[in-house]
Amino acid sequence: MATTLTINGQERSFDAPPEMPLLWVLRDILGLTGTKFGCGMAQCGACTVHVDGKPVRSCVLPVGNLQSRTITTIEGIGATPVGAGVQKAWLDLEVVQCGYCQSGQIMSAAALLASTPDPDDSDIDAAMAGNICRCGTYVRIRAAIKQAAATQKS
Amino acid sequence: MTITAEVPEISRRRILGGALATGLVLAFHLPLGAARPPQTKDPAAGKFAPNAYIRIDESDQITLIMPQVEMGQGIYTGVATILAEELDADLTQVVLQHAPPEEKLYANPSFGIQATGGSTSVRAFWTPLRKAGAAARAMLIKAAADQWQVAPASCSAALGTVLHIESGRRLRYGELVDPASKLSAPSDIPLKDPKNFVLIGKPLKRLDTPDKVNGKVIYGIDAMMPGLKFATLAQCPVFGGKVADVEDHAAMQIPGVRQIVVLDDLVAVIADDTWTAKRGLEALKITWNEGKNANVSSKDIWDHLRAASEIEGVVAKSVGDVADALHLGETYEASYEMPFLAHATMEPLNCTVHVTPSFCNVWVGTQIIARAQSVAARAAGLPEDKVTIHQHLLGGGFGRRLEVDMIATAVRIGSKVDGPVKITWMREEDIQHDIYRPVYRDTISARLSGDKVIAFKYRVAGSSVIARWLPPAVQQGIDNDAVDSAADTPYDIPNFQVEYVRVEPPAVPTGFWRGVGPNNNVFAIESFMDELARKANKDPIAFRRDMLGKTPRIQHVLDLVAEKSNWGQPLPRRVGRGVSVQPTFNTSIATVVEAEVDSGGDVYIRQVTLAVDCGLAINPDTVVAQIEGGMIFGLTAALYGEITLEKGRVQQSNFHDYRVLRIDQIPKIDIHLVKSGEAPGGIGEASVIGGPPALRNAIYAATGVALRRLPIDRGLIAEKKSWL
């Protein structure tokens with residue numbers, strides 16, 4: 001089935017069964033490999049992307065539900081001021097280790113800061129608890145979200 | 001490893017014809033600073049190639065070749081920092097390259113093979129890398145001095161330029177590559193005095209992270225190429241079982257399913273995308289011949305291990321006469337047990353291959369590239385020089401990628417497929433076909449005299465990973481990893497013995513897991529020390545401190561952690577502090593965990609405090625990051641980690657039942673690094689180890705419940721309600 005989506009500001013058309021999760025359309029059909037496969041059951045958050053600005057787990061999101069929606073992935077999030085601020089804070093505080101989960105972490109953090117510009121610890125917990133990091137970078141993720149929020153404010 | 005001039009060039013024998021030639025070991029580049037066009041040269045292409053690690057070309061491009069792989073631990077930045085320090089290169093302008101499979105040049109001196117593990121990278125390569133950088137610098141200075149007809153000693157170097165101090169004349173390294181490459185490498189070049197370091201010891205920015213925040217990094221799982229097909233697989237759910245029959249009619253009806261590959265022990269579905277491959281796999285009716293392990297359960301494995309642990313083992317360390325000393329009075333005994341653990345790297349197992357009758361290409365992130373090449377060659381039935389390994393950054397390793405099973409499997413599948421194919425393990429397959437951290441059982445007997453330990457006998461029973469993975473390293477029946485941090489205990493005990501009983505679990509393959517042998521030994525010994533301290537009616541830190549007189553660095557971190565953790569200050573009910581010390585990987589660590597226990601036995605970690613002496617920290621910020629992350633990795637295992645078997649099958653399958661700590665469970669982690677000029681110690685493994693025993697001891701302090709197994713048993717804590 002031909003589907004057209006706006007992905008990172010560009011219209012992309014592709015053929016895929018409507019049940020195919022967005023994750024695999026992005027990765028295998030469109031070659032946008034920045035969005036990661038981690039669990040396939042919305043347990044780890046590595047596949048997080050934005051649909052109309054809201055964070056979703058693309059591994060369980062059928063692409064057929066998305067006709068005419070706007071998708072942002074890690075490849076495009078730096079074009080938004082919030083996303084660029086999160087990426088900068090991530091590098092300033094050296095959050096990243098292996099990096100595999102960080103696409104999803106950054107997408108969740110950018111969505112949090114877009115909706116809650118000054119998050120407290122419980123906001124961060126609620127927004128980020130769905131994103132697993134096996135390297136254990138959580139201490140710095142929290143600090144980087146706070147730094148990005150502070151920078152955004154000033 | 002000695003750096004000599006005899007091997008200034010990397011062998012070109014692995015260059016393949018046509019377009020593939022450009023891909024040789026170049027899956028990954030880090031052009032830093034200004035954007036650069038992608039490099040398409042092999043590591044020898046720089047005009048000046050004084051040793052295995054350094055290439056400089058006329059355009060001043062400095063390429064540093066990384067003998068160790070980057071899996072998050074920061075080693076690329078560490079290796080580059082050490083080389084650039086002695087080379088006097090501008091670290092912001094270097095390009096990094098993965099080393100190709102070439103053990104003659106890039107073997108890890110700790111193992112004799114190319115492998116990244118055991119917190120060995122900095123320890124093993126510290127001196128070779130410094131010598132390589134210093135020798136190259138000396139050659140560049142000599143080339144400049146010859147040109148100026150001055151003495152080399154009258155010149156200095158900085159940021160990729162040689163300077164004649166008196167005249168102010170300068171030559172860039174790029175201008176010196178021709179004459180420098182005609183010089184022979186000096187053999188004995190003085191290394192920098194550490195007080196003159198400009199890079200080492202500074203919290204420099206990591207070189208691998210910029211492309212990890214924008215989706216640009218290509219991990220093995222992200223490899224793409226024209227004509228690529230996608231696959232996933234099912235191996236027999238019972239270890240060692242075989243395929244009996246496959247009914248594939250329904251699967252082949254699914255549009256996009258291209259091929260079903262049936263091998264003796266697995267079935268793979270090849271499709272136009274991974275999701276269709278997964279649907280195809282689900283549509284197959286596979287009958288397995290489950291074989292001899294069909295009824296193995298965790299109970300069988302524990303019965304087997306417990307029985308074996310009753311037998312005397314091979315003596316790995318003996319001081320005094322422990323048998324005699326134990327007979328002289330009342331002894332105290334306990335056994336500790338550790339579960340199987342999966343690695344659960346965030347990047348699931350995967351491997352992309354293109355196998356033809358004349359060559360085999362492999363795209364993968366591996367901790368052991370030369371072994372990867374040889375196993376791929378065997379699986380493809382090709383000579384090694386027809387196999388190209390395209391190394392990638394690793395989305396987590398933790399020991400899982402020290403194994404090559406995924407590469408052999410992928411090549412076996414790819415041999416049946418026309419064109420390149422990417423095989424991705426679904427998370428369930430990844431967890432249920434791991435090579436697991438072994439189960440261990442540790443038995444300790446000790447005797448106190450007053451408040452002193454005068455006899456201590458420690459027996460560790462468990463699998464020998466080393467015996468399978470690096471057989472020559474097992475000497476006289478002793479697996480040094482299995483007794484690591486026990487045989488070299490920091491405690492000064494007059495009668496002391498460590499024994500090892502090798503016992504392989506039925507059915508389950510065992511491998512290295514971040515923290516390796518010391519995870520087990522430090523947990524058991526530090527747990528028991530707390531039980532002994534209570535028996536001696538002494539504070540756990542004071543009790544330990546008295547026995548650490550011969551290991552002043554450990555004694556110092558213990559004192560420091562006592563001070564920084566407010567040890568001894570009053571705590572609310574149901575809250576305890578626990579301590580552990582460890583002599584691991586040439587790094588001394590003392591950890592205090594403060595934890596709260598509720599009436600249901602649930603445990604909340606309130607605070608972790610560490611004092612760490614890892615010698616000279618190449619990059620102190622990376623060291624801190626490793627300690628933070630390693631602590632969380634270890635505490636995850638302590639709170640949740642356990643793989644169990646029923647009917648020969650692993651019962652856990654994904655992150656819902658193989659849980660890991662999440663951000664809302666993370667305590668404050670307060671880290672105190674001791675400034676030290678001692679040789680660098682390891683940190684990636686060391687940082688995992690101290691949390692679990694310190695947590696266990698915090699629960700012991702809060703409740704009096706002496707836990708002797710991991711993961712922490714909430715039911716057992718809740719059951720013994722006397723502490724409430």
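Sequence lines set the chain letters: A, B, ... in the order given, protein chains first and strands last, and positions in each chain run from 1. Keep in mind that the numbers below use all heavy atoms, side chains included, and drop hydrogens, waters and symmetry copies. If you're wondering where the values come from, they're calculated on a predicted model, not measured in any experiment.
Of the two parts of A:Asn131, only the backbone, made up of N, CA, C and O, holds a non-hydrogen atom closer than 4.5 Å to a non-hydrogen atom of chain B. Neither the backbone nor the side chain of A:Gln105 comes within contact range of chain B; no heavy atoms are under 4.5 Å apart. Contact of B:Val688 with chain A is not made at all, since no heavy-atom distance falls under 4.5 Å. Neither the backbone nor the side chain of A:Ile77 comes within contact range of chain B, judged by heavy atoms closer than 4.5 Å. Looking at B:Thr636, only its side chain comes within 4.5 Å of chain A, counting heavy atoms on both sides. Interface remark: B:Thr622 contributes no atoms to any contact with chain A (heavy atom separation under 4.5 Å). Neither the backbone nor the side chain of B:Gln73 comes within less than 4.5 Å of any heavy atom of chain A.
With chain B as partner, the option from A:Met128, A:Met20, A:Arg142, A:Met41 having the largest number of non-hydrogen pairs under 4.5 angstrom is A:Met20. Interface summary for chain B: among A:Leu23, A:Thr33, A:Thr137, the most heavy-atom pairs under 4.5 angstrom belong to A:Thr33. Interface remark: of the candidates A:Ser122, A:Gly34, A:Cys135, A:Cys98, A:Cys98 forms the most heavy-atom pairs closer than 4.5 Å to chain B. Of the residues considered (A:Cys101, A:Ala126, A:Gly78, A:Pro21), A:Pro21 shows the highest number of contacts with chain B, using heavy-atom pairs under 4.5 Å. In terms of heavy-atom pairs under 4.5 Å with chain B, the best-connected choice from A:Gln43, A:Glu94, A:Arg27 is A:Glu94. Highest contact tally toward chain B, considering only A:Ala46, A:Cys39, A:Ser103, A:Cys133, is held by A:Cys39 [criterion: heavy-atom pairs under 4.5 Å].
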Kindly indicate, with the supporting measurements, whether the criterion side-chain contact (heavy atoms from CB on, under 4.5 Å) is fulfilled by B:Thr232 and B:Glu429.
-> CA-CA 9 Å; B:Thr232 192; B:Glu429 196 70 15; over 6 Å; no

Evaluate the criterion side-chain contact (heavy atoms from CB on, under 4.5 Å) for residue pair B:Thr352 and B:Met225; output intermediate values, then yes/no.
-> CA-CA 10 Å; B:Thr352 299; B:Met225 61 213 66; 3.9 Å; yes

Check the pair A:Ile74, A:Gln102 against side-chain contact (heavy atoms from CB on, under 4.5 Å), reporting the backbone distance first and the verdict last.
-> CA-CA 9 Å; A:Ile74 187 67; A:Gln102 298 296 347; over 6 Å; no

side-chain contact (heavy atoms from CB on, under 4.5 Å) between B:Leu639 and B:Ile605, intermediate numbers included | CA-CA 10 Å; B:Leu639 285 169; B:Ile605 302 168; 3.8 Å; yes

Step by step, work out the salt bridge (charged side-chain N to carboxylate O under 4.0 Å, His left out) result for B:Lys205 and B:Asp621.
-> CA-CA 9 Å; B:Lys205 288 290 168 196; B:Asp621 187 57; over 6 Å; no

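Heavy-atom contacts from other residues, nucleotides or ligands closer than 6.0 Å to NZ of A:Lys88 number 12 or fewer.
With ring centers used as reference points, B:His343 lies 6.0 Å or more from B:Phe633.
Between the side chains of A:Glu75 and A:Thr73, at least one donor N or O lies within less than 3.5 Å of an accepting N or O.
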